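Some notes on the structure that comes next.
In this text the structure is predicted, and so the values were computed from the model without any measurement. In this chain, numbering begins with 1 at the start of the sequence shown. We count ligands from 1, going down the list as the structure has it; atoms in each ligand are counted the same way.
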Amino acid sequence: MKITVFSSQAHDRQFLASANADSHQLVFRSERLVPGTATLAAGSDAVCVFVNDDLGRETLGTLKEAGVKYIALRCAGFNNLDLAAARELDLPVARVPRYSPHAVAEHAIGLMLALDRKYHRAWNRVREGNFSLQGLLGFDLHGKTVGLVGTGNIGSVAARILLGFGCRVLAVDPVRSDALEEAGVKYVPLQDLYARSDIISLHCPLTPATHHLVNAKAIAAMKRGVMLINTSRGAVIDSRALIDGLKSGQLGYLGLDVYEEESELFFEDHSADAIQDDLFMRLTTFPQVLITGHQGFYTREAMTAIASTTLSNLEDLAAGRECENLVG
Ligand code: NAI
């Protein structure tokens with residue numbers, strides 16, 4: 001099978017080539033898949049795409065005309081896909097739903113700990129020979145209430161880690177997990193979760209129902225000084241509401257691994273560029289904000305699993321076998 005891999009970075013080449021072992025012809029492109037680059041896949045049986053590639057109707061139409069038969073997302077989320085258009089065009093799309101929920105959950109907990117104990121600030125200070133503790137006062141996670149929005153693969157791992165810290169864990173999810181309830185997680189209405197949580201961590205997918213779920217009204221309904229963590233998808237938060245929340249102190253801490261307009265920024269080196277996104281740059285000026293560039297998934301274990309599942313998904317589709325990771 002000839003597979004064009006869009007948005008590929010050195011690590012994608014490394015892990016996909018290693019999982020492939022010369023079985024398929026992999027064509028690595030650094031370009032993002034958008035309507036204008038879809039023709040680069042001409043002559044390929046399949047394309048392999050990532051979180052910021054565009055799988056809208058126009059792109060899908062061009063891929064179909066270019067002879068592409070299958071699409072493999074090398075990620076879990078599929079908010080960038082027009083599923084109805086893919087169905088109409090008879091383009092099956094597969095994803096990697098469970099590569100390592102630990103990778104993302106542990107990253108979310110890492111953001112919580114770093115913001116709480118101010119590791120990012122302490123690291124800078126010690127390098128400058130400044131051993132003052134002024135401004136580094138943290139709080140015990142033990143005994144705090146953490147609200148999880150979404151208790152699927154990632155949220156449920158986060159819940160168990162937090163229970164291990166001795167936190168009270170509240171959750172919102174249309175699908176409740178009996179196992180988590182038995183472990184001590186309490187499902188509550190969203191407004192209760194907002195009102196009672198010291199820390200709120202988002203682990204739901206981006207859908208029309210969760211788009212801008214966290215907006216100015218939601219932030220106002222949270223506890224003053226709340227810590228908000230987002231490792232799900234940027235547009236679950238209305239980014240413009242964050243600045244006011246941080247300036248007023250309503251938001252005490254903010255940890256982001258994803259950002260609404262990240263496709264213009266993340267996964268590339270912009271260190272020599274004048275970054276045009278003023279909202280993003282303003283966010284980086286707050287001492288109580290920690291942003292990582294969508295690296296939650298980025299562990300050896302996750303990358304290995306993503307590469308092998310991506311290829312086996314395409315092999316299933318090409319062989320006409322049932323593909324358990326088919327989207328929709
Ligand atoms: P999942 O599908 O296993 O779990 C998502 C959960 O959210 C489900 O239980 C679902 O019922 C729930 N949900 C749906 N709508 C909801 C709503 N309105 N309110 C509350 N809960 C709702 O997905 P998984 O694997 O846990 O991933 C969650 C999200 O994390 C993905 O959709 C993706 O956007 C993001 N992600 C981020 C990564 C990163 O590197 N930062 C890597 C992988 C995923």
Please find out if less than 6.0 Å separates the ring center of F50 from that of F297. yes

Side chains of E301 and S100 only: does a donor on one sit below 3.5 Å from an acceptor on the other? no

Just by distance, do the side chain of T292 and the backbone of Q295 share a donor-acceptor pair under 3.5 Å? no

Is there a donor-acceptor pair under 3.5 Å between the side chain of S177 and the backbone N or O of L180? yes

Residue pair D54, R32: steps toward the salt bridge (Lys or Arg N to Asp or Glu O under 4.0 Å) verdict: CA-CA 8 Å; D54 167 11; R32 266 175 65 209; over 6 Å; no

Please produce the table of protein N or O atoms sitting under 3.5 Å from N or O atoms belonging to ligand 1, one pair a line, distance to 0.1 Å.
unit_1: ligand 1; atom_1: 3 (O); unit_2: N153; atom_2: N; d: 2.9
unit_1: ligand 1; atom_1: 3 (O); unit_2: N153; atom_2: ND2; d: 2.9
unit_1: ligand 1; atom_1: 9 (O); unit_2: G152; atom_2: N; d: 3.4
unit_1: ligand 1; atom_1: 9 (O); unit_2: D173; atom_2: OD1; d: 3.4
unit_1: ligand 1; atom_1: 9 (O); unit_2: D173; atom_2: OD2; d: 2.6
unit_1: ligand 1; atom_1: 11 (O); unit_2: D173; atom_2: OD1; d: 2.6
unit_1: ligand 1; atom_1: 26 (O); unit_2: N153; atom_2: N; d: 3.3
unit_1: ligand 1; atom_1: 26 (O); unit_2: I154; atom_2: N; d: 2.8
unit_1: ligand 1; atom_1: 34 (O); unit_2: S232; atom_2: O; d: 3.4
unit_1: ligand 1; atom_1: 34 (O); unit_2: R233; atom_2: NH1; d: 3.3
unit_1: ligand 1; atom_1: 40 (O); unit_2: H294; atom_2: NE2; d: 3.4
unit_1: ligand 1; atom_1: 40 (O); unit_2: F297; atom_2: N; d: 3.0
unit_1: ligand 1; atom_1: 41 (N); unit_2: T231; atom_2: O; d: 3.0
unit_1: ligand 1; atom_1: 41 (N); unit_2: D257; atom_2: OD2; d: 3.0

Classify the ring geometry between H294 and F267 as parallel (under 30°), tilted (30 to 60°) or perpendicular (over 60°). tilted

